[in-house]
Structures are given as C-alpha cells and as structure tokens.
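I am attaching a structure below and will ask some questions about it afterwards.
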Amino acid sequence: MSLLLSGLNSEQLQAVTLQHQSALVLAGAGSGKTRVLTTRIAYLIQSKQVSPHSILAVTFTNKAAKEMLTRISSMLPINTQGMWVGTFHGLCNRMLRAHYQDAGLSHAFQILDSADQLAVIKRVLKDINADDEKYPPRQVQWFINNAKDEGLRGSQVEAYDDFTRKMVEFYSVYEQQCNKEGVVDFAELLLRSYELLTRNEILRRHYSGRFNHILVDEFQDTSQLQYKWLRLLAGTEASVFVVGDDDQSIYAFRGANTGNMKDFERDFHISEIIKLEQNYRSHGNILDAANTLIRNNSGRLDKNLWTSEGHGEPLRVYNAPTDFDEAAFIVEEAKSLHAEGVELSQIGLLYRSNAQSRVLEHALFNASLAYRVYGGLRFFERQEIKHALAYLRMIANPNDDNALLRIINFPARGIGVRSLEQLQDSAKEQGGSLWQAALEKNKSGVTLNRGLEDKASVSHIENKNADIPKKGLNSFVFLIDSMQQGCLELTLPEIVDHMLEHSGLITYYSNQREGANRLENLNELINAATSYIQEAEDSSLAAFLAHASLEAGEHQSGNNQDALQLMTVHSAKGLEFNSVFLSGLEEGLFPHENSRNEAGGLEEERRLMYVALTRAQRRMYLSFTQSRMLHGQTRYNTPSRFLKEIPEKLLRWLNPVQEEGVIMQEKSGLRMQDRTSGVMDSESSKWCIGQNVIHAKFGAGIIVNCEGGGQDARVQVKFSKYGTKWLSLEYAKLVPA
DNA sequence: ACTGATTCTTTTTTT
DNA sequence: AAGAATCAGT
C-alpha cells in the first residue's frame, strides 16, 4: 500500500484516498490525472476491500480504457473482468447486449457508424421523396444526433417552424427504419441505455446497487445525456469521482457540455474541488506559452499550472513559403532529433485537420522515415473491410439493409439497379427489410439449405453444386443462407475465414491490379478476430461487429515499430511526446474558419491550441505557411492569431538566413501590430505576404503574393470586396493596416 | 448490366 | 487532389 501511494504529491494523495464521497478533481494537463484515477481504483480494491465488481470507470477513448486496465493490472494481481471500464458508448453497448429484450432490441442488433448512419438517412429521405437540396442529409444527421444527445425522441422535440417540423418527421421515419433493420447509431446506444434505466426500475436498482464507485475521466467532455445517465446509475449511494479540465474541453461540437462540471458540483454536493496544478510533463517555457494563451479565454475555472522543471528551450517558430516546404522542414528537424537520440515514437506531428497529413506523409515516405498515422481512414473503415463486415453482418442480422445494399452485387453477380428497385419496392410494400423481401421473392425459386444441417453443410453445398444458382437475386439469397448455416458451429476467426472464401471477396481482390494491399487487410481481419476472442468475454459474431464499429481505429498491423506519430490535435489529447511539431498555424486552418460562425467556436479552438502545446515535454515547434493547397487550389493564409498570443520572449524564430531583409520582412509582417519601435520600419518590410493593407479605392485587403523589386515591385492583394488584384507598389497608394 | 468518363463534392475535430 | 456519384456508351 505504501508502495502504491509513494511518489504522489499531497493533492494527488488526497484525491486517491478520499473516503466514500463524490469528488470533482480539476486536473491540469500533465498533472498525473490518469495516475490518480488508476491508483485510486487500485487503492479502493486493496485497502478498502472494494470488489472490482462494484467499480465502473468511464474513459473518453478505447485507448484510454485499455491503458487504464493495463495500469491497474500492473499494480494489482486481480482479474479485471468484473470491472466495467470503457467509453460511454462501449458501456452502454455492454448493457444493451445484456438486456436486449428489455431494451426492445433484437439479439444481434448492429451499430451504425457515422457513415452508415448517413447512408440510412439518405435512403430514408429518398424513400419519402424529400427534397435533399432543401434538407441536406448531413444536416438531418446533425439534427437527429443533437436531439438524441439531449435525450429527446422525435415526439419530444419542440418544433415551432416548418423546417424543424420536417426535421422531426425525418427523425421519426429514420427511427422506424432503424428499428426495422435492427440497427442503432452511436447516439442511440446512449439514449436507449438511458431510457432502459429510466423505465426499468428493477434494472436501475440492480446497477446502481452494484456500482458503488463510479469514476469518470475527461469529465469536461461529457454530454448532457451522458451526465444524466451517470446520475441515474449513481443513484443516491454511489461515490462519483470525476476528473476533468475545462481548458481541455474540445468536443463541444459533439455535444460536450462544460457546464456539467458546475452541475456536478451542485447535484453531488461537492464542498471542495481538488486541484492538481503541478505539471510533470513540460518545461517552463512551454507551460508559460500555454498558460498565457489560455488566459485569453473567459469563464474558466481558476487554475494555475506550474512546474518545478527549468525553463528549457524557447518554442521554435518556422515560417514556410508552402505546405511542401513546411513538410520538408519538419522531416529534416525530425531526422536530426532522431540522430540526437530522441526515439521516433517520442516525436509527435500534430495538425488541425486530417487532410493535412498527406503532405507530411509524402515527405516522410520520400525520406524513408518510419511513421504511423492515427485517425483518418481507419482499419475498419477501409472499403474492403467494410465489404467483409457487411457479409458478416448479413450472417448475424440479415435485416441490415445497409449491409445488404453494400454487397448484394459485390462481387458482381448480375443484380442491377432494375432488380434492386423491384426489391426495394416490394420491401416497402411488405413493410419489412430488403432481405425479407428477397426471401419472399425467392420462395418460388431455389430450395434453401435449411433443415439439412445434419450433414456438414459445406460438403452439402459441394455435392449439390449443380443446383446452385450462379447469378441473380437467387444466388445471393442462397449464398447468404448457406453462409448462415455454414457458420453455425464455427469459431469467430473461422467464420471470418469462411465468409472471405465463400463471398468471393478473396477471388475478387486477387484478380484486382491493386488488390494486394486489400487482400492483406482482409487477412488481417482474421487476425483481428483472433485477438478479439482472446480478450473479449463475449466472443459472438454480433459482439465482434459491435466492437468493430465502436473501435474503428486502433487495430492496425505492424504497430510495434519505432515510428513518428502523426495525428490531429484532437486525437493527441491525453498523450505526450518529447518533441512536438504543430503545423499549419494559419488563420482559417487553426483556428478553423468554420469555428467563426459557431458560438464559442474561437474559444474552443484556443483550448485545442492549449491541448497541442501541453503535449510537448521538451521541445515544441510551431510552423505556418504562406500558401497551402486546399481542395486542389492554392490558398494564401496569414499566421494564426494564436501565435501572437504567445509572448515573444518565449519564441525563437528559425527561418533560414537568405538575406537580412527577408527575415526582417517575415518577422515584421507577422508582428507589425505589436511593434512600435521603428527598427524595422524600412520600405521593404511593409510589403510581404500576410500583411493587411488599405487601398484608397479598393479598401481593406491582404497581400497574398509579391514579385519583383525596386520600381518593378508588385504585390497581389486580396481585397475583401473587390477580389484579388495585382498592384504596382510605385503607383498604388497602399497603406499598412 | 457493366465500363469508363465526367462531374460533383469534400473537410474540423470522434464515439 | 482525390474519391464518390452520376452519366453515356457498349
């Protein structure tokens, strides 16, 4: 026990050893929050004789859940199976599978990821002939998810205008369709689970009686519904221990509600907030930069991060002409860091949006530096994997229309739009799923394999080869049916193998020119199934498919190599690196332009910037470009305002020394507003890319390009009202703004 | 019904 | 720029 608690500072110790009561821990970045959570769980079990069975811990990502379990196992020799540790979605899924009947679900209900959900919405809108110009599917999706996040069913949404009424109608139709197909989306997992607990008193008593200790990580990112779910589960007896940092709330776009922290204080009668303010991660300069930046936000809970480490290096700033040059710079610096002995896996390359990874990947590939990209296109989202999963879904739950539509003619078996339309029409008529309609149509056709399982069905299929339809709807019905029969006795990896073989996917991709990689991924899917049944307690096909939807990302092959870590700032939350490169620090990109229209958008972007800065232990690189390719077009950007919010004395500018003037230009171009001293007030310094200017006739604009010098000097200015124009400096009377 | 070509859209972030 | 969706020709 003393071993368990040794090395904790006094606040951490206080938090870990709190007696049975609810608590709010305000934990700054790098303050040892995960350690506090895991140590507390270990402490409860070891010293307080709390059974693992009565502990429920919620994390924000699957990765964090796994990490927590690993850490606890290393502290205590206990079986962690009885503990409920996972994401909100994961836990709700667990609960719904255990009580699928009470929740009104079929036993093999499937989970829709965002793309699946959108597909269903598009289909539903088409079915009822909704104008998808007026009601874009994406917006409908957003509306539905928002309503669900607030705990509302279609009938409960207050609709005062036509548009909302329409949305509500779509919501209801969508809901019916999902029920028909036996599928639930992410938000539905939470809402169903919440409704189940509300409605079913016996179950509620059971669970709230069981979970005496509820621990929540990243509490600032919980949504309204998640908070309500927690309260329900906690009942009156449980100790609820939540850890969060309002400065790292970066998921408001998904319904996260920082207000939950205040509500929690009130609802759970928290008398004293425990603050973890000592940062064990970053050197002083990095921390100062982050602290100064975040002070520009309003309404923060008071907190002051400090470190006992020295100041360390200044943050390095690099101004690149293009995104291409920026990538080249990062590659070179990463190389020399690696040469100095920093492991590649200790170097993080962060960016605001996934699209930015491509340039970096390209440069890294050419430099043959090992790297790993997180997020972006995940394993379970790849086309071939989606196809394979669709077959598996048909085996588990053939009423899944999404799955059926994906593979009914893939690989091609002669079912075209015509037959599909017919199928959809009869499904609509019968009010059932497409599969049910297909069965109906098939009745007159081929006799299925049913009732003949006494002999091994595989050999049965081979023997009766002559009867098997090769093309058309019948062949599909026969295929799925025989797969269902053939998989009855098989283990999960065998099912996957069986499916890959019989679906024709293997053959298809073997014959494809670029199919080798996809083939590899398909085989990797068997491995995924194998490792899944080793870890999971429920090794059914339905559970595996749920796992695939909930944990789309983390399964990747060959991840044990030392490699640079590429990811968005969002997915970097909770991680730390010796050195961090943050690229694309430009207005419109970071802060992202879409954030301008949202209430509190800019502050959320700033918190995101805060998260990025606090990832670095020793060295931080900040880079921006003057032009960047976006949607196939060159965009000219100005440096991010966040760069200006970091004190100059903490920064070191790294630009290559070409000629004195150039550096001066770049520096003054960025910091003109901050400087009053005339040191750099030469003529050339005014006109550089990014400079805001005013023209007598065209008004306000920004310089996006320069060329020539002396009398020939011209600048290209993008005016807010008059478009982009080339102007000669000699004639145009431009004034810096 | 399948193919290749052309047009359209996408991107903020994730369970 | 790249992938998806749609269209035209076979």
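Protein chains get the first letters and strands the later ones, always in sequence-line order, with residue 1 at the start of each.
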Exercise for the section: Check whether any side-chain nitrogen or oxygen of A:N409 sits under 4.0 Å from OP1 or OP2 of B:dC2, and answer yes or no. Expected result: yes
Practice task
Mind calculating the distance between NZ (A:K122) and P (B:dT9) to the nearest angstrom?
Solution key: 11 Å
Practice task
State, without any angle test, whether A:R406 and A:N402 hold a side-chain donor-acceptor pair at a distance under 3.5 Å.
Solution key: no
Practice task
Take the protein atom CD of A:E218 and the nucleotide atom P of B:dT14, then report the distance between them rounded to whole Å.
Solution key: 14 Å
Practice task
May I ask you to establish whether A:K63 and A:Y374 are in a cation-pi arrangement, using a distance under 6.0 Å from NZ or CZ to the six-membered ring centre and at most 45° from the ring axis?
Solution key: yes
Exercise for the section: Could you check how far CG of A:L420 sits from P of C:dT6, rounded to whole Å? Expected result: 14 Å
Problem - Separation of B:dA1 P from A:F410 CZ (nearest whole Å) - result: 17 Å
Practice task
Compare the aromatic ring of A:F253 with the six-membered base ring of B:dT13 and state whether they stack according to the 5.5 Å and 30° rule.
Solution key: yes
Problem - Most 5' of A:F60 and A:R413 on DNA chain B, judged by nearest nucleotide - result: A:R413
Practice task
Answer with base, sugar-phosphate or nothing: what part of the nucleic acid does A:T222 contact at a heavy-atom distance below 4.0 Å?
Solution key: nothing
Practice task
Give one of base, sugar-phosphate or nothing for A:R607, where a contact means two heavy atoms less than 4.0 Å apart.
Solution key: nothing
Handout entry: Any donor-acceptor N or O pair under 3.5 Å, side chains A:Q248, A:Q220
Key = no
Handout entry: Test: A:R635 and A:E586 ion pair at under 4.0 Å
Key = no
Problem - Phosphate OP1/OP2 of B:dT15 contacted by A:N62 side-chain N/O (<4.0 Å) - result: no
Exercise for the section: Would you kindly say whether A:T625 and A:E326 are connected by a side-chain donor-acceptor distance under 3.5 Å? Expected result: no
Practice task
Take atom CD of A:Q141 and atom C1' of B:dT15, then tell me their distance rounded to the nearest Å.
Solution key: 13 Å
Exercise for the section: Check the side chains of A:T198 and A:E195 for a donor-acceptor pair under 3.5 angstrom, ignoring hydrogens and angles. Expected result: no
Practice task
Using only side-chain N and O atoms of A:T568, determine if any of them is under 4.0 Å from OP1 or OP2 of B:dT14.
Solution key: yes
Handout entry: Nearest-Å distance for atom pair CD/C1', residues A:Q633 and B:dT9
Key = 13 Å
Practice task
Figure out the OH/C1' separation between A:Y194 and B:dT15, and round it to whole Å.
Solution key: 20 Å
Exercise for the section: Only counting residues at least two apart or in another chain, list the ones meeting ring pair (Phe, Tyr, Trp, His ring centres under 6.0 Å) with A:Y100. Expected result: none
Practice task
Name every residue in residues 570-577 of chain A that has at least one heavy atom under 4.0 Å from any atom of DNA chain B, in order of residue number, or write none if there are no such residues.
Solution key: A:H570, A:S571
Problem - Any A:N354 side-chain N or O less than 4.0 Å from OP1/OP2 of B:dT14 - result: yes
Handout entry: Euclidean distance, atom CG of residue A:L118 to atom C1' of B:dT9 [Å, nearest integer]
Key = 13 Å
Exercise for the section: Scan A:F590 against the nucleic acid and name what it touches under 4.0 Å (heavy atoms): base, sugar-phosphate only, or nothing. Expected result: nothing
Practice task
Determine the contact category for A:A187: base if any of its heavy atoms lies under 4.0 Å from a base atom, sugar-phosphate if only primed atoms, P, OP1 or OP2 are that close, otherwise nothing.
Solution key: nothing
Exercise for the section: Please determine if a side-chain N or O atom of A:R138 lies less than 4.0 Å away from the OP1 or OP2 oxygen of B:dT11. Expected result: yes
Exercise for the section: Would you tell me if any nitrogen or oxygen in the side chain of A:S419 comes within less than 4.0 Å of OP1 or OP2 on B:dA1? Expected result: yes
Practice task
Among the candidates C:dA1, B:dT15, B:dT11, find the nucleotide nearest to the side-chain atoms of A:A355.
Solution key: B:dT11
Exercise for the section: Could you pick out which residue, A:A412 or A:E381, lies toward the 5' side of DNA chain B when each is mapped onto its nearest nucleotide? Expected result: A:A412
Exercise for the section: Keeping the roles fixed (side chain from A:N397, backbone from A:E181), state whether a donor-acceptor pair exists under 3.5 Å. Expected result: yes
